[in-house]
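In what follows, chains are A, B, ... by sequence order, proteins preceding strands, each numbered from 1. Owing to the predicted nature of the structure, the values given are computational and were not obtained by experimental measurement.
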2 protein chains.
Amino acid sequence: MVTIADVARHAGVAPSTVSYVLTGKRSISPQTRTKVRESIRLLGYHPHAGARALASSRANVVALVLPLRPGVHLPVLMRFVTAAVTTARRYDMDVLLVTADQGAQGLRRVAGSAQVDGFLVMDVELDDERVPLLRQMAQPSVLIGRPAAAKGLTCVDLDFEAAGARCVDHLADLGHRYIGFLGAPSVVYQRNTGYAQRTMAGFGAAAMRRGIASTAMPAEDDYESVLASVRSLLRTQPAMTALVVHNEAALGWIAGSLRALGRRVPDDVAVVAICPDELAEQMQLTSVQLPAEELGRQATELLVARLNGHPTAPLTLLPPKLSGRASTAPRLRRA
Amino acid sequence: MVTIADVARHAGVAPSTVSYVLTGKRSISPQTRTKVRESIRLLGYHPHAGARALASSRANVVALVLPLRPGVHLPVLMRFVTAAVTTARRYDMDVLLVTADQGAQGLRRVAGSAQVDGFLVMDVELDDERVPLLRQMAQPSVLIGRPAAAKGLTCVDLDFEAAGARCVDHLADLGHRYIGFLGAPSVVYQRNTGYAQRTMAGFGAAAMRRGIASTAMPAEDDYESVLASVRSLLRTQPAMTALVVHNEAALGWIAGSLRALGRRVPDDVAVVAICPDELAEQMQLTSVQLPAEELGRQATELLVARLNGHPTAPLTLLPPKLSGRASTAPRLRRA
DNA sequence: TCCGTGTGTTGAAGCGTTTCGACAACATTA
DNA sequence: TAATGTTGTCGAAACGCTTCAACACACGGA
C-alpha cells in the first residue's frame, strides 16, 4: 500500500505537507502543491480511510437508515436513495446502509464505533422509537418526515398540508364546487401516520376556506374497494365533479372505477393525484409531486451543513408543486 | 469516547487482554472474560471502527455496487439488498452503498482507501467495464450474474438455462405439445444480456429434447405490443396451448391479451412465468422463482468465505424452483 | 529436582493519518 | 534598524486498536 510517507519522500517534502495539500487546511505554495499532486498521481496514492478517521475523528461516511418494510413505495424510496448517495458524494462522503430492522440497536452500534459522522433517517413515524436515541447521540441526524416531538431535531418534509390545499385551490380555480378526497388505506390513519393526516387536514381546511363542499373516504388497495369507496363518495355527494387521490396503490383503478359508475375523466370528474411525478406522467394525471430526489438532496445537504458546524433550520418544508395534465385539463369553461 | 484502555483499567487487565476477549484470537480464562465483558457493558464501550481498521487492516465493511439504472426491477433489487445487508450483519459486517453511476472510478476509490474488504457487484453485464478492474483489485469480489469472461471471478446466478428448461418440462408433463415463449423487450437481447439469452437457450433446447414445437417472440412493456406479440405467436402456431413468459413488465397484460384473442387461462392456454415469486403469487401464475433473497444471501456468504481465505467455487448456479398455481392447474387431463 | 509444555496475560511496537507548535524566511510597519 | 507579522514547511505527538514476542505460572513426566 502506498502511504503518505511514500508520497512525501517522492515529492521531497514532509508528510504533513502532503496532508495539507490534500485537506487544504494550510496554505501551501503553488510549486509544492503541484509537485505533491504529481507524486500522488504517479504513485496512485489513496489515503487510508481508517487512518484518516482515526486521526481526524471524521469518517466521511453518513448512515442511511432505510425502512424496507412492507408498504413503502419502492420507486420513491430508490429515488431518494440515489439522490442521497449522489449528494453525499459531492461532499466527498460515502453512504453506509443501515436497515431499519436493525432498529435502535443498529444505530447505537454504528454511532458508537464512530463509523459514520451523521444519520439520514427515512420513513419516520409520528412517535418513532429511534427519535429519543437520535437526539442524545453525538452525531447529528436529519429526518425525512416529521415525528410528533421534533424538538431539537432537523427534519425535511414535503408540506403535505399545503399539498392538500393546493389540490383544492387548483380545482376551485377551475370552477369545481363539490370535491371528493380518496385517501390512504384506513390502517394508515389508524397508525397515526403524519403525512396522511396532514394532507387530509390541509385539504379540509382549504375546502372550507374556499366555500367548497368536501367529502373524504379512505381506500384499500384492490379494485373492489376502490370502486366501493368511489361509489360511496358519489352517493354521498352526487354533484361531485372532482376527486383528489392520495393513494398510490389506488391510482390505477380510479379511472376504471369512475367509468364503471358512468363518469368519464376529466369530462364528468376531474382527478388530481398526490404522488411521484413519474407515476402521474405515466397515467396522465394532474398531480402534486412527491419530490423524492429533492427531499433526498436537501436532507443530505442539511446533514453536511450540520457536520460543518453550520446552524440549520429545524424544519424544512418543501412547497408543493402542481403539474397540470389531462385529468383536469379541459375544465376551464365549466358552468 | 470510551477506549479500550478505559475498559482495561476498569477491569484491571491489559488493553491487549480486552482486545483478545473481543476478537477471541487467544484463549482467555473464563473469569477474566466475564470481568472484561462486564466492564465493556458498564462503560458502554464500542471499538472505534477506524482504529480497528487501521490496526487490523480489516474494515468489516463490504461494498454493495448497485445498478439503479432504468429497467431494473426495483422490488427484486430491494429484496436482494435486504438479504445482503442481513447476511453481512450476521458476520458482523456493514454495507457501504456504491451506485453504479460512480463507475469503475468509484470502485477504485473505495478499494484504494481500504474502506471495504470486498465487493458485491449486482447487475453484471456480459462484457462489463468493471470486470477487469475487479480482477486486479486487492479485495475479493462476488458478482451476481455472469460476465462473458468469468475467469478468476466468483459468480452467483440463477441457472437460467435450467429455468427455461424447467418450464418446458412442467408443461410437457402436463401434456402440452405446442408451447410459446414470450421474452424480454428486444433491446435486452440486443444488449447481449446474459440471463435473457440463457433462458431462451434452455427453453429451446428442452423443447427439442421433449419433441415439442416451440415459438418465441420478444415483447415490449405496453399492452398494445404484448397483445401484438401474443397474437403473432397464436397466428404462427394456432395449436399453442401453453405460454412461457420471461418478462415481468408484460405479465400484467398476458391474461388480458389472451382473453382479447378469445383464449382463457388456464383452460385454453396455460401460462408459466419466470419472475419473483411474490409477483406470481399475486397474479396466481405458475412460475419459476427468481430467488432474489437466496442470491443475495449466497453471494454475501461467498464473499465472507473468500475474506476468510476459504476457497470458493468460481460459479454457483441456483437450481430453478417451480411453484404450481392456477395458471396451469387443471391441465392434467388434456388430450 | 529440573525440564519441557501449555495456558493466560502483558508491554510495546506498529498501523497511516491529522494537527499542533515551532521555526525559518521574508515582508511590513514603527 | 528593530520589532512585528505572514507565509510555507517541518517534526513529532497523538488517534485507538491489534498483534507479536515475551513472560509468569502451574502442571506432569523423567
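In this entry the distance linking CZ of A:R58 with C1' of C:dG16 reads 19 Å, nearest Å.
With sequence neighbours excluded, the residues that form a salt bridge (Lys or Arg N to Asp or Glu O under 4.0 Å) with A:D277 are A:R325. Applying the salt bridge (Lys or Arg N to Asp or Glu O under 4.0 Å) test to B:R90 and every residue at least two apart in sequence or in another chain returns B:E301. B:R33 is linked by a salt bridge (Lys or Arg N to Asp or Glu O under 4.0 Å) to nothing, counting only residues two or more places apart in sequence or in another chain. Considering only residues two or more places apart in sequence or on other chains, B:E294 meets the side chain to side chain donor-acceptor pair (under 3.5 Å) condition with B:R297, B:Q298. With sequence neighbours left out, A:R9 forms a salt bridge (Lys or Arg N to Asp or Glu O under 4.0 Å) with A:D6. Partners of B:S16 according to the side chain to side chain donor-acceptor pair (under 3.5 Å) rule, which considers only residues two or more places apart in sequence or in another chain, do not exist here. Remark: A:R79 engages A:E278, A:E293 in a side chain to side chain donor-acceptor pair (under 3.5 Å) (not counting sequence neighbours). Scored by the side chain to side chain donor-acceptor pair (under 3.5 Å) test, B:R108 finds no partners at all (sequence neighbours excluded).
Near DNA chain C, defined here as any heavy-atom distance below 4.0 Å, the residues from residues 37-52 of chain A are A:Y45, A:H46, A:P47, A:H48, A:A51, A:R52, listed numerically. Near DNA chain C, meaning a heavy atom under 4.0 Å away, the residues from residues 16-34 of chain B are B:S16, B:T17, B:Y20, B:R26, B:S27, B:I28, B:S29, B:T32.
Residues B:F119 and B:V110 have side chains in contact (heavy-atom distance under 4.5 Å, counting atoms from C-beta outward).
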Below 3.5 Å is the cut-off: list the nitrogen or oxygen pairs between protein and nucleotides 24-27 of chain C, distance only.
none

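Using a 4.0 Å heavy-atom cutoff across all strands shown, A:A55 reaches at least one base atom of the nucleic acid.
Scanning DNA chain D 5' to 3' for nucleotides with an atom closer than 4.0 angstrom to a non-hydrogen atom of chain B gives a first and last hit of D:dG16 to D:dA22.
The environment of B:K35 atom NZ is dense: over 12 non-hydrogen atoms of other residues, nucleotides or ligands sit within 6.0 angstrom.
Under 4.0 Å is where a charged nitrogen must lie from a carboxylate oxygen, and between B:R41 and B:E38 at least one such pair does.
A pairwise comparison of heavy atoms in B:Q139 and B:A114 identifies NE2-CA, 4.3 Å as the closest pair.
With hydrogens and angles disregarded, a donor-acceptor distance shorter than 3.5 Å links the side chain of A:R135 to the backbone of A:K151.
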